[in-house]
Student: 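Please see the structure below; I have some questions.
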Amino acid sequence: MKESKVDGGRLWASLMDMGRVGATSGGGSGRLALTDLDREARDLFVDWCRGAGCAVRIDRMGNIFARRAGTDEARSPIMTGSHLDTQPLGGKFDGVYGVLAGLEVVRALNDANIETEAPIDVVVWTDEEGVRFQSSMIASGIFAGMYDLDHGLSSADSNGNTMGEELERIGYAGPEPVGGYPVEAFFEAHIEQGPLLESEGKSVGVVLGAQGQRCYRVTVEGEEGHAGTLPMDQRRDALLGAARMIDAVNRVAFSHQPRPVITVGAIQARPNSPNTISGRTEFTVDSRHPDSDLLAAIGDDLRRVCAEIADAAGLDVNIEQTTHRPTITFDPSCITAIREAADGLGISHRDLYSAAGHDACNISLCAPTGMIFVPCEKGLSHNEKENAKPEDLTAGADVLLHAILGRANKESRR
Ligand SMILES: [Zn+2]
């Protein structure tokens with residue numbers, strides 16, 4: 001099926017048509033979740049899907065599933081999609097591209113008379129952005145079993161309108177249960193929202209996962225003393241100890257490959273007086289890396305180097321972990337499917353990690369998941385000026401088509 005391709009012109013036209021729903025004066029789109037504009041975007045998508053022969057189901061969180069039937073309806077669906085809601089002054093591509101690339105895959109399969117064994121569901125996840133109801137990716141999270149349904153339906157905007165009420169109002173409070181059934185695979189196409197692909201001239205990013213984060217508060221205890229009277233060799237200077245630790249923590253980052261990012265961004269010395277030796281100094285450490293083992297090892301290193309410095313200086317140190325966002329690792333078979341699809345099509349690609357959260361991160365907790373990134377201009381996103389090249393968007397959709405076809409396994413011509 002290497003010869004089958006998406007229609008890039010049709011994909012672009014659909015993106016521009018969708019972008020007109022809630023168009024902003026700066027050339028972007030503003031469609032907050034479950035507003036009238038969100039309804040208009042959903043209605044347009046549903047019309048297009050029905051036009052492409054899909055059966056449309058809606059669940060209780062308003063997630064939309066447009067199904068292109070497979071030859072074996074006993075098989076679990078292969079899912080693809082993203083979100084149609086945007087930031088208040090958002091772009092035309094963030095989320096929308098993943099939804100309409102999925103629709104374009106369906107249209108291209110129809111054009112080529114290709115049947116798949118597994119059904120294909122093009123999905124719109126409700127409220128990815130989390131602007132209006134203050135909780136991003138909530139509906140995909142409920143689908144994945146991270147939160148219960150009531151938590152989602154009772155989330156309220158600043159006017160006290162709940163998601164449940166707003167879903168009813170716009171006609172998208174569907175009857176279907178949210179999740180709880182097997183999904184054979186989920187593929188999400190998305191603009192990169194960062195500069196790597198564009199700077200390297202690559203058309204597609206094979207997303208390996210999303211980086212995790214561990215943050216710490218380090219408290220160094222010494223003893224306060226007079227800056228003029230206490231001899232240098234008798235001091236227990238917490239601020240000096242903290243300074244040495246900060247340097248050591250920075251060197252921990254350079255001791256690992258591939259290199260993590262580690263930041264000391266805030267420090268507080270007490271009593272913070274120019275003529276008093278600090279008796280207590282606190283600083284923060286923010287560490288991020290896509291490998292959870294390495295992220296844990298960084299925590300161990302941090303404790304070790306700080307303890308060594310404290311011992312040598314007669315100080316006490318306490319390290320408390322304040323944040324732990326787990327690393328997301330996408331499914332190896334989905335990653336391979338995406339990479340092989342790009343190779344088979346002769347499309348340039350590189351592996352990368354997502355620095356941002358996506359619905360795919362949630363769905364990866366309940367189904368084999370992969371993501372395809374395409375470059376966007378200057379890495380700009382959450383911005384009306386967000387832009388992407390038609391040829392890159394087409395390349396990403398072609399990779400999506402072939403990754404899905406490979407996964408749907410046995411396909412046959414009608
Ligand atoms: Zn997005």
Side-chain angles (χ1 to χ4, degrees), residues 11 14-15 18-19 21-22 24 27-35 37-38 41-42 45 61-64 79-104 122-144 146 186-198 204-207 209-211 325 328 330 338 352-365 369-388 392-393 396-397 399-400:
L11 171 60
S14 297
L15 283 162
M18 187 61 82
V21 181
T24 62
S29 300
R31 291 189 304 270
L32 296 192
L34 310 189
T35 57
L37 289 168
D38 187 14
R42 288 161 173 265
F45 170 73
M61 275 307 293
N63 297 316
I64 306 171
M79 226 176 240
T80 186
S82 190
H83 59 97
L84 288 176
D85 70 306
T86 74
Q87 292 287 317
L89 294 172
K92 294 192 287 288
F93 303 93
D94 176 0
V96 187
Y97 170 61
V99 172
L100 298 184
L103 172 62
E104 179 51 39
V122 183
V123 56
V124 175
W125 301 110
T126 293
D127 194 3
E128 191 271 350
E129 297 287 1
V131 178
R132 186 177 167 199
F133 298 95
Q134 308 284 310
S135 185
S136 60
M137 305 186 290
I138 191 165
S140 59
I142 294 169
F143 187 94
M146 296 165 66
F186 176 63
F187 293 101
E188 180 170 355
H190 205 283
I191 56 168
E192 182 197 347
Q193 303 178 288
L196 283 177
L197 294 173
E198 183 181 60
V204 157
V206 181
V207 188
Q211 65 181 354
R325 285 179 208 279
I328 299 292
F330 288 143
I338 292 165
L352 42 64
Y353 285 88
S354 177
H358 295 285
D359 291 308
C361 298
N362 287 347
I363 301 306
S364 72
L365 304 178
T369 294
M371 275 194 94
I372 299 163
F373 275 177
V374 294
C376 56
E377 197 175 290
K378 296 182 182 133
L380 209 61
S381 184
H382 286 199
N383 188 310
E384 294 170 279
K385 295 191 183 71
E386 190 180 271
N387 200 12
D392 291 330
L393 298 169
V399 170
L400 179 66

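Numbers for residues simply follow the sequence, beginning at 1. Ligands are counted one by one from 1 in listed order, and the atoms in each one are counted from 1 as well.
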Student: How is the N/O/S atom of D94 that comes nearest to the Zn ion (ligand 1) named?
Tutor: OD1
Student: Under 2.8 Å from the Zn ion (ligand 1) - does any N, O or S atom of D359 fall there?
Tutor: no
Student: Mind checking salt bridge (Lys or Arg N to Asp or Glu O under 4.0 Å) for E104 and listing every partner two or more places apart, or none if nothing turns up?
Tutor: R10
Student: With sequence neighbours excluded, what pairs up with T35 under the side chain to side chain donor-acceptor pair (under 3.5 Å) test?
Tutor: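 Result, side chain to side chain donor-acceptor pair (under 3.5 Å) vs T35: none returned.
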Student: Would you call the rings of H83 and H190 parallel, tilted or perpendicular if under 30° counts as parallel and over 60° as perpendicular?
Tutor: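 Rings of H83 and H190: tilted, as their planes differ by 30° to 60°.
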Student: Do T24 and R31 get their side chains close enough for a donor-acceptor pair, meaning under 3.5 Å?
Tutor: no
Student: Do you see an N/O/S atom of H190, backbone or side chain, under 2.8 Å from the Zn ion (ligand 1)?
Tutor: yes
